[in-house]
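Everything numeric here is computed off the predicted structure, so don't read it as measured data.
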Amino acid sequence: MIEAQTKRAEPAEDAGTPILTVNNIEVVYDEVILVLRGVSLSVPEGQIVALLGPNGAGKSTTLKAISGLLRTEDGEVTRGNVSFMGEEIANMAPEQIVRRGIFQVMEGRRIVEDMTVIENLRLGAYTRRDGGVRRDLDMVFDFFPRLRERTGLAGYLSGGEQQMLAISRALMARPKMILLDEPSMGLSPLLVKEVFGIIRQLNRELGITILLVEQNARMALHAASYGYIMESGKIVLDGAQADLVDNEDVREFYLGGGGEERRSFKNLKSYKRRKRWL
């Protein structure tokens, strides 16, 4: 177990102005199940920030607390604030948050399989009232040329192509910030590199801020400038990318630095119990 910090989690002073600030939030499901316990994090505008941790740590719940999708799962932010560009957004409806510039790409892609690629992309623009959708379709196809060739139903796409479509659908909303939940899930190592290359390109060329939840800690920290680590519904460590990569605990439990047994998230808990760290 990584020992929790006592200070409030914040990026370094020179990281830039925060576009998103999550301050000491608690999240409860079904009015009784406490999942997040005082989570604080901050995402500077124009940066990629990684949120890492084992399964069940609360990473996806944190994203849903930001995007408003908790409402669809009987969840609620019961304490603390979520501020985006200076406006409080905790417990807002998801469509209101999309209109303000945040779009979540959920774990498992969640594309509409019986709709075409174009229909899925247009679905991403459903909150827009401007006339630039056709132009943005061309932009998306410049980033993802493979999708231009796919004119049939989205359900026939490969896993990598579906992930590209899910990210492209987010772009169609013209977001200021994208929340990415496990973009590497189910992809081959080659496709993981390709998808992460595109994530960095979107950040670099379009200036989109990205909060990235990812089990592949090595790839996530390679892309991110700053990172947070969650365990049991809390932030237990945060720091600049280089500091986290050099941290002995992070290397041991998240970057594969301590043998095959300790490398696996599923074995982390049993390993720590045997070491009497729990």
Original post:
Which residue pairs satisfy the salt bridge (Lys or Arg N to Asp or Glu O under 4.0 Å) criterion with at least one member in residues 184-212, sequence neighbours excluded?
Top reply: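 Matches after skipping sequence neighbours: Arg146-Glu194.
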Original post:
Of Ile235, Val27, Val77, which is the lone residue that meets side chain to side chain contact (heavy atoms under 4.5 Å, CB included) with Val39?
Top reply: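 Between Val39 and the candidates, side chain to side chain contact (heavy atoms under 4.5 Å, CB included) is satisfied uniquely by Ile235.
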For the atom pair [atom1] ([X]) and [atom2] ([Y]), what is the distance rounded to the nearest 0.5 Å?
{"X": "Met164", "Y": "Leu187", "atom1": "CE", "atom2": "CG", "answer": "8.5 Å"}
{"X": "Ile111", "Y": "Leu123", "atom1": "CD1", "atom2": "CG", "answer": "11.5 Å"}
{"X": "Ile97", "Y": "Ile89", "atom1": "CD1", "atom2": "CD1", "answer": "4.5 Å"}
{"X": "Asp138", "Y": "Arg148", "atom1": "CG", "atom2": "CZ", "answer": "6.0 Å"}

I'd like to check [X] versus [Y] (side-chain heavy atoms, cut-off strictly below 4.5 Å). Are they in contact?
{"X": "Met230", "Y": "Leu36", "answer": "yes"}
{"X": "Ile178", "Y": "Pro175", "answer": "yes"}
{"X": "Val28", "Y": "Glu76", "answer": "no"}

With a 6.0 Å cut-off (strictly less than), is the heavy-atom count around [atom1] of [X], excluding the residue itself, greater than 12?
{"X": "Arg79", "atom1": "CZ", "value": "no"}
{"X": "Glu248", "atom1": "CD", "value": "no"}
{"X": "Ile33", "atom1": "CD1", "value": "yes"}

Subject >> side-chain contact (heavy atoms from CB on, under 4.5 Å) between Gln241 and Tyr226, intermediate numbers included >> reply: CA-CA 5 Å; Gln241 181 259 14; Tyr226 202 88; over 6 Å; no
State whether the side chain of [X] and the backbone N or O of [Y] hold a donor-acceptor pair below 3.5 Å, judged by distance alone.
{"X": "Asn247", "Y": "Asp249", "value": "yes"}
{"X": "Asp136", "Y": "Met139", "value": "no"}
{"X": "Glu214", "Y": "Asn216", "value": "yes"}
{"X": "Gln201", "Y": "Ile198", "value": "no"}
{"X": "Ser40", "Y": "Asn24", "value": "yes"}
{"X": "Asn120", "Y": "Thr116", "value": "yes"}

**OP:** State which residues pass salt bridge (charged side-chain N to carboxylate O under 4.0 Å, His left out) with Glu87; sequence neighbours excluded, sorted by chain then number.
**Re:**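 If we apply the salt bridge (charged side-chain N to carboxylate O under 4.0 Å, His left out) test to Glu87, skipping adjacent residues, the hits are Arg100.
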Looking at [X] and [Y], what are the two nearest heavy atoms and their distance?
{"X": "Gly160", "Y": "Leu191", "answer": "CA-CD1, 3.9 Å"}
{"X": "Phe103", "Y": "Ala173", "answer": "CD1-CB, 3.5 Å"}
{"X": "Asn81", "Y": "Ile25", "answer": "O-CG2, 3.5 Å"}
{"X": "Ile199", "Y": "Pro183", "answer": "CD1-CG, 4.1 Å"}

Subject >> Verdict with supporting geometry, Glu26 and Arg37, salt bridge (Lys or Arg N to Asp or Glu O under 4.0 Å) >> reply: CA-CA 5 Å; Glu26 292 186 356; Arg37 302 170 174 84; over 6 Å; no
**OP:** Could you give me the CA-CA distance, side-chain angles and deciding distance for Leu51 and Leu212, then say whether side-chain contact (heavy atoms from CB on, under 4.5 Å) is met?
**Re:** CA-CA 6 Å; Leu51 182 58; Leu212 170 66; over 6 Å; no
Side chains of [X] and [Y]: donor-acceptor distance under 3.5 Å anywhere?
{"X": "Asn55", "Y": "Gln215", "answer": "yes"}
{"X": "Thr61", "Y": "Tyr29", "answer": "yes"}
{"X": "Gln47", "Y": "Ser225", "answer": "yes"}

Original post:
Under 4.0 Å between a Lys/Arg side-chain N and an Asp/Glu carboxylate O for Asp181 and Lys59?
Top reply: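 No, no charged N to carboxylate O under 4.0 Å.
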**OP:** May I have the step-by-step check of side-chain contact (heavy atoms from CB on, under 4.5 Å) for Leu211 and Gln104, ending in yes or no?
**Re:** CA-CA 9 Å; Leu211 179 57; Gln104 180 172 349; over 6 Å; no
Original post:
Checking side-chain contact (heavy atoms from CB on, under 4.5 Å) for the pair Tyr254/Leu244: CA distance, chi angles, key distance, verdict?
Top reply: CA-CA 10 Å; Tyr254 296 96; Leu244 291 181; over 6 Å; no
